[in-house]
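Beneath this line is the structure, given in structure tokens, with notes to follow.
Protein chains get the first letters and strands the later ones, always in sequence-line order, with residue 1 at the start of each. Computed from a predicted model, the values in this text were never measured in an experiment.
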Amino acid sequence: MALDLHAMEEKWQKAWEKDKTYKFDAKSKKPTYSIDTPPPTVSGVMHMGHAFAFTQQDFIARYKRMQGFEVFQPFGFDNNGLATALMVEKKLKIRQSDYSREEFIKLVLEHTREQEKLMEERFREIGLSVDWTLIYRTIDKLARKTAQYSFLDLHKKDRLYQKEAPTMWCPKCGTAVAQAELEGRDIDSTFNDIVFKTEDGKDVVIATTRPELLPSCVAVFVNPKDKRYKHLVGKNLTVPLFEMKVPVIADPRADPEKGTGIVMCCTFGDQTDMEWYFAHSLPMVISISQHGKMTEKAGKYAGLSIKNARREITKDLKEAGLLVKQQPITHTVNVHERCKTEMEILHTKQWFVRYLDLKDEYIAKGEALQWIPKHMKSRYNNWINGLQWDWCISRQRFYGVPFPVWYCKKCRKPKLASEKELPVDPIKDKPKGKCECGGTEFEPENDTFDTWFTSSLTPQINGKWVEDKKFFKKIFPMDLRPQGHDIIALWAFNTIVKSLFHQQQLPWKTITINGWALDSKGKKMSKSLGNVIEPRKMIEKYSADVLRYWAGLPTLGEDVPFQEKELVAGKKFVTKVYNAARFVSSACEGLGKVSESKLKLWPEDKWILSRLNSVKKESTEAMESYEFSKCLNPVRNFFWLEFADYYIEEVKHRIYGENKESKKAAQFVLRKVLWETNLLLAPFLPHIAEEIAHGMFKNLLKEKSIHLEHWPKIEEEMINPKAEELGKAIAEIISAMRKQKSQAGRPLNTVVKKAVVTVPEPEKLKCAEETIKQTMKVESLEFKKGDTISVETKLAE
RNA sequence: GGGUCCGUGGUCUAGUGGUAUGACGCGACCCUUACAAGGUCGAGGUCGGCGGUUCAAUUCCGCCCGGGCCCACCA
């Protein structure tokens, strides 16, 4: 009887939905286990990486539920941010500028709702034990309210400032960005050796990749130890084409090895330029506008794009004979992670969260957090140690959560919304009351929050921090944050920062960092490479349980190449479990309650019960430390290689035999092992586990779902090393006999006329004589003493 | 350049101070009353390289090579 896995899985998914099996009950007396579920970006599509990570999260959720926790596992959608705005514009063929912010947000929420539905269907197909009534969105009302409340709270705690300062800026998106949004990219460029003139008309050659910044040149730097240029320090040089005079200054940050060893400082070509600007109180000459055009400071080049200006200026230098050499190079440049545009440092007014002063505390708190795998903590530390900028949280973007801020027209002071008004859109809403100065006229802050300003509040959003203090107390701090290693610096770090400011404690007890699902060759799956495999295709071809099996194999945190053959193996395993369950179920027909103490156990019974408990112990410890693969692997091997391959074969004769006493013991053990391994497998293979439980062992179910049953308890008294040793020896002997039958080309049910078994301690195996004889159909069995186990057989004709 | 992880039969992996787990693939045999979408058995590895510690190293230490990721590197 073949089982239709797809129909079976669909049946149980519907049943779980109908029975509200995974519903979070806030009134439950059980201890809460809360999970800070990552919100996938709304795109309508589920990737293999999603399936991978969310399934791993679900293993934990299901395990904790079976350990008696009331599991809070919500689901989220990230529909805040640039990616979403662009997607909606494209799909609906609209421009956000044609709408008010509130209208646009409404539109996005409506539109993404459809995409969410599609995604929700996909995510449901992998059998997540999510409470689907707990869905949050990073731009819906609660998220906006929470983010704005967070802003007010940070303001109250004196953690916010607004400042005109050099800021990382994306000229394409026309907005400030945070350090965490930068990405290093190798870009081809040209080293241009440009001639500056000394006051007495001599040439000084300076190498630069950015000749378009010549109009912003405010100084020239040399290393104080560099003898070649010592004579220039304190003198002025003339900037070619632009003819202004700039001083030569000595500073150790100038690298004599790079370029010509003498470097121009512009406001601002890079971070060092900025440091020099502050360190040497240099003037500021901004020649690039917020939209990436040259300003009037660039003279005749004003209005050109950066690229065009670079070309024109290079051309003019060449014509003037001031460009002596050009050399192609590749260098790493910071680009905006969203649009891959090269970053500029511009002087603009932005809101910042002041947080650089607390680096030590972040590190200390990071120590107090349980990181799994442990080494991921060093990425967090690494990031904090390298932090150089306060968190710039304002974005000159239209779509996002608006700042709850207006400015007094009279005194320019910011006026913040009051908590009760939240969420507000200052463009549409008016502030309540007057300014401190008495002013009554205000203009809105047009900026929106960095999306991470909101995403870093998922524990507060899900815990209803701003709406239900009692609920929040139940949920927060959360037990688990599962997430990818790519966003440790962004999501994990910012969430920790926010909770430290708002709640003065860590947002979670444990953070698990999952790896990536790669293609079979270990490359990242991406549309452009054409190596994307959709989980859905694999579910259709195999099944959800099979896909989950694949996700359960690797160690948490490992990147895993997707090998379809592992699904083949998974499918075989699911089939095996089902078939074995069918056998056990039919073998145990009519078996009611059993009084354990009255059973007379055979050696193989003691062996498998001992092994069962060893495996329970091993797998429970593994799950407790979030090492689910160390649970699944041993359970799988135990089930298949010991229980199915040996134990079942060893007791068949008792099941089919006449002796009621021996049959009952075998039945009891079969049922117990099957039932308990099925429980151990339930977090991994929830559908087939439920099918087996309901279809074959319904009388053992105490709850309406196997997923609400308790995780098997370890029975230490059943762990018996001697029984395990004996069981292993029996298996070895059986295997040796199988080998001889196999090598003789005979079926396994061939009768063995006579067998001589050599073992180190024959007397210990005496009790297993009947088991071996019956299992291998041996007519006459003799034990001999010898150093190693070996078997001689005479097969029937 | 700094950090970190990884490198085990054809492929993917488990694991450990005493030469190794399982899977997929491969070969042979077997239609044995749970399972032929199966079973049994088998072949296949100098556990990246070099040195060191040790009675003993794949496992510990150092260096090197190769790969991934994070950070830095923008003259």
Side-chain angles (χ1 to χ4, degrees), chain A residues 1-3 179 182 184-187 189 191-192 194 206-210 213 220-221 253-255 258-266 269-273 329 331-335 342-343 345 373 375-388 485-486 488-489 515-516 518 520 522-524 553-555 557-587 629-630 633-634 636-637 640-641 644-645 648-649 652 655-656 734-750 777:
Chain A
M1 179 181 80
L3 176 66
Q179 188 181 342
L182 309 181
R185 279 229 157 182
D186 286 334
I187 288 185
S189 185
F191 236 150
N192 301 284
I194 294 172
I206 295 180
T208 178
T209 56
R210 302 205 55 187
L213 283 176
V220 166
F221 282 86
R253 276 169 281 204
D255 181 354
K258 257 190 190 170
T260 54
I262 177 163
V263 53
M264 65 176 192
C265 169
C266 311
D270 62 18
Q271 180 118 4
T272 318
D273 287 351
I329 58 154
H331 62 169
T332 314
V333 175
N334 275 327
V335 299
E342 291 182 44
M343 301 302 307
I345 298 175
H375 68 258
M376 289 297 178
K377 185 171 62 187
S378 59
R379 294 210 180 176
Y380 170 82
N381 289 343
N382 203 0
W383 170 254
I384 293 167
N385 289 328
L387 257 187
Q388 305 203 40
H485 52 55
D486 50 329
I488 290 175
W516 291 60
L518 308 170
S520 60
K523 290 249 179 325
K524 208 164 163 175
L553 290 174
T555 305
E558 297 272 292
D559 288 342
V560 175
F562 179 81
Q563 308 274 349
E564 199 172 328
K565 66 186 184 187
E566 282 171 6
L567 298 195
V568 173
K571 174 114 187 215
K572 286 185 179 179
F573 180 55
V574 170
T575 307
K576 188 80 188 177
V577 170
Y578 183 68
N579 281 323
R582 266 177 49 216
F583 169 77
V584 172
S585 139
S586 71
S629 67
K630 285 183 183 163
N633 271 307
R636 191 209 89 99
N637 288 344
W640 199 325
L641 306 178
D645 284 355
I648 287 182
E649 296 303 325
K652 273 183 182 168
I655 295 298
Y656 298 130
I734 288 173
S735 177
M737 289 183 177
R738 281 171 173 168
K739 181 174 175 173
Q740 302 205 353
K741 290 184 183 182
S742 169
Q743 282 174 348
R746 307 289 298 277
L748 284 177
N749 61 351
T750 305
K777 299 198 190 305

Practice problem: May I ask you to say what A:Lys630 touches in the nucleic acid, namely base, sugar-phosphate or nothing, with a heavy-atom cut-off under 4.0 Å? | Solution: sugar-phosphate
Quiz prompt | Distance test, side-chain N/O of A:Gln179 to OP1/OP2 of B:A72, below 4.0 Å | solution = yes
Quiz item: Base, sugar-phosphate, or nothing for A:Arg379, non-hydrogen atoms under 4.0 angstrom?
Solution: base
Quiz item: 5'-most contact on RNA chain B: A:Asn637 or A:Pro747, nearest heavy atom basis?
Solution: A:Asn637
Self-check item: B:C5 OP1/OP2 closer than 4.0 Å to side-chain N/O of A:Lys377
Solution: no
Quiz item: Would you say the side chain of A:Pro373 lies within less than 4.5 Å of the side chain of A:Met376, judging by non-hydrogen atoms?
Solution: yes
Self-check item: A:Ser378 vs B:C70: side-chain N/O to OP1/OP2 distance below 4.0 Å
Solution: no
Quiz item: Is the shortest side-chain N/O distance from A:Lys565 to OP1 or OP2 of B:A23 below 4.0 Å?
Solution: no
Quiz prompt | Sub-4.5 Å side-chain heavy-atom contact between A:Ile648 and A:Lys652 | solution = yes
Quiz item: What is the pairing partner of B:U40, taking Watson-Crick or G-U wobble pairs with both distances under 3.5 Å in any strand?
Solution: B:A28
Quiz item: Rounded to the nearest 0.5 Å, how far apart are CG of A:Leu518 and NZ of A:Lys524?
Solution: 9.0 Å
Quiz item: Looking across every strand, which nucleic acid part, if any, lies under 4.0 Å from A:Ser585 by heavy atom: base, sugar-phosphate, or nothing?
Solution: nothing
Quiz item: What is the nucleic acid contact for A:Lys571, judged by heavy atoms within less than 4.0 Å: base, sugar-phosphate only, or nothing?
Solution: base
Quiz prompt | Closest nucleotide among B:A37, B:U32, B:U11 to the A:Asn749 side chain | solution = B:U32
Quiz item: What is the distance, rounded to the nearest whole Å, between atom CZ of A:Arg636 and atom P of B:A14?
Solution: 14 Å
Self-check item: Pairwise C1' distance, B:A57 and B:G52 [rounded to whole Å]
Solution: 11 Å
Quiz prompt | Protein-nucleotide distance (A:Leu641, atom CG; B:U40, atom C1'), rounded to Å | solution = 13 Å
Quiz prompt | Atom C1', compared across B:G62 and B:G68: separation rounded to whole Å | solution = 23 Å
Quiz item: When you compare B:G9 with B:C5, how far apart are their C1' atoms, in angstrom units rounded to a whole number?
Solution: 24 Å
Practice problem: Look at the side-chain N and O atoms of A:Ser742 and state whether any lies under 4.0 Å from the OP1 or OP2 oxygen of B:A28. | Solution: no
Exercise. Determine the interatomic distance between C1' on B:U21 and the same-named atom on B:G38; round to the nearest Å.
Key: 23 Å
Quiz item: Counting only side-chain N and O atoms of A:Trp516, is one of them less than 4.0 Å from OP1 or OP2 of B:C5?
Solution: no
